[in-house]
There are 2 protein chains.
Amino acid sequence: MRTRKFPAFLEAENQAEAAGKRGEIPVGAALVDSRTGNVLAAFGNRTEELSDPTAHAEMLCLREGARKAESPRLPFCDLYVTLEPCAMCAAAISFARIRRLVFGAYDPKGGGVEHGPRLFHQPTCHHRPEVTGGIDEEICKALLTAFFAARREETL
Amino acid sequence: MRTRKFPAFLEAENQAEAAGKRGEIPVGAALVDSRTGNVLAAFGNRTEELSDPTAHAEMLCLREGARKAESPRLPFCDLYVTLEPCAMCAAAISFARIRRLVFGAYDPKGGGVEHGPRLFHQPTCHHRPEVTGGIDEEICKALLTAFFAARREETL
């Protein structure tokens with residue numbers, strides 16, 4: 001599936017690419033106010049740059065969006081991410097009451113939405129966003145594959 | 001079990017109590033450098049104050065500790081929390097490579113360590129801290145029970 005339906009997804013892809021260039025795992029996200037279509041926040045991963053184990057692209061978007069909205073809950077927002085969110089980010093998405101989650105590549109190893117703990121399917125999960133996965137899957141996956149291939153080469 | 005064995009747990013309890021007084025869910029945490037015994041960070045929940053859905057006590061401790069250590073990984077640290085961490089915090093604890101997690105009350109509704117997704121038991125979890133639960137369980141639980149009882153009374 002291509003991103004024509006989701007223009008904000010391109011912003012997430014740009015953020016992923018920029019993160020990779022900074023030496024971070026190339027994952028990007030964009031948070032959109034669904035009422036206006038405005039991008040409230042867009043980030044790539046920054047765990048190394050900020051020395052912050054929680055600084056995934058999604059978390060930075062949620063925090064920035066909530067700060068701007070002056071509320072920890074963002075039920076009017078959609079989140080676009082290039083990779084299936086991990087359990088940490090999925091739980092944060094639920095706490096923030098995000099309306100819709102759109103993600104790119106599936107992540108069988110680290111994902112927490114369609115894999116592993118499948119957070120939104122837990123009976124104790126109070127808010128489940130609408131979820132669409134597999135958007136621009138090949139493009140998002142290629143960014144990650146290239147990044148890890150280059151890193152392996154560096155360490156050989 | 002009483003906290004004599006874990007002096008840092010008292011700091012977590014103080015933080016929980018202070019959080020409740022600020023109108024936040026009374027959960028507190030303290031991050032300790034296990035090599036020196038020094039408390040690197042201590043926080044209560046601040047989601048409402050900071051308008052940040054990710055500002056749980058544990059997350060604030062991990063972020064502050066990692067910032068001080070200038071590394072997103074803290075394998076020399078132990079985390080003390082008054083309540084069983086949720087899935088978001090459990091995943092962050094794993095990312096941060098925390099050595100040992102000590103928590104107070106069990107949380108059948110929102111916990112992600114011994115309940116719900118049981119994050120550290122997922123086959124995709126790469127780092128499992130040593131876990132001790134049930135420390136000062138009644139004290140930690142009483143703080144939460146009193147907080148929610150008072151809130152119910154306010155809304156009646």
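Side-chain atoms are counted along with the backbone in the values below, which use heavy atoms only and exclude waters and symmetry mates. Because the structure is a prediction, the values reported are computed rather than measured. A, B, ... follow the sequence lines: proteins, then strands. Residue 1 opens every chain.
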Cluster link A/L31 to A/L60, ILVMFWY, side chain under 4.5 Å: no

Shared hydrophobic cluster, A/F120 / A/V81 (ILVMFWY, side-chain heavy atoms < 4.5 Å): yes

What pairs meet the ring pair (Phe, Tyr, Trp, His ring centres under 6.0 Å) rule with one or both residues in residues 135-156 of chain B, with sequence neighbours excluded? none

Cluster overlap A/V102 with A/L40, hydrophobic side-chain contacts below 4.5 Å: no

Joint cluster assignment, A/M59 & A/V39, ILVMFWY side-chain distance < 4.5 Å: no

Structural part of A/P108 lying under 4.5 Å from a heavy atom of chain B: backbone

Set of side-chain contact (heavy atoms from CB on, under 4.5 Å) partners for B/A87, sequence neighbours left out: A/A91, A/L119, B/P117, B/L119

Could you show, one pair per line, the donor-acceptor contacts under 3.5 Å between chain A and chain B?
from: A/E48; atom 1: OE1; to: B/R73; atom 2: NH2; distance (Å): 3.3
from: A/E48; atom 1: OE2; to: B/R73; atom 2: NH1; distance (Å): 3.2
from: A/E48; atom 1: OE2; to: B/R73; atom 2: NH2; distance (Å): 3.2
from: A/S51; atom 1: OG; to: B/E70; atom 2: O; distance (Å): 3.4
from: A/S51; atom 1: OG; to: B/S71; atom 2: N; distance (Å): 3.4
from: A/D52; atom 1: OD2; to: B/R63; atom 2: NE; distance (Å): 3.1
from: A/R63; atom 1: NE; to: B/D52; atom 2: OD2; distance (Å): 3.0
from: A/E70; atom 1: O; to: B/S51; atom 2: OG; distance (Å): 3.4
from: A/S71; atom 1: N; to: B/S51; atom 2: OG; distance (Å): 3.4
from: A/R73; atom 1: NH1; to: B/E48; atom 2: OE2; distance (Å): 3.2
from: A/R73; atom 1: NH2; to: B/E48; atom 2: OE1; distance (Å): 3.3
from: A/R73; atom 1: NH2; to: B/E48; atom 2: OE2; distance (Å): 3.2

Based on non-hydrogen pairs under 4.5 Å, which of B/P123, B/A96, B/A66 is most in contact with chain A? B/A66

Any pair with a residue in residues 10-36 of chain B that passes ring pair (Phe, Tyr, Trp, His ring centres under 6.0 Å), sequence neighbours left out, goes on the list, sorted by first then second residue, please. none

Counting heavy-atom pairs under 4.5 Å with chain B, which one of A/G116, A/A90, A/G111, A/P72 comes out on top? A/P72

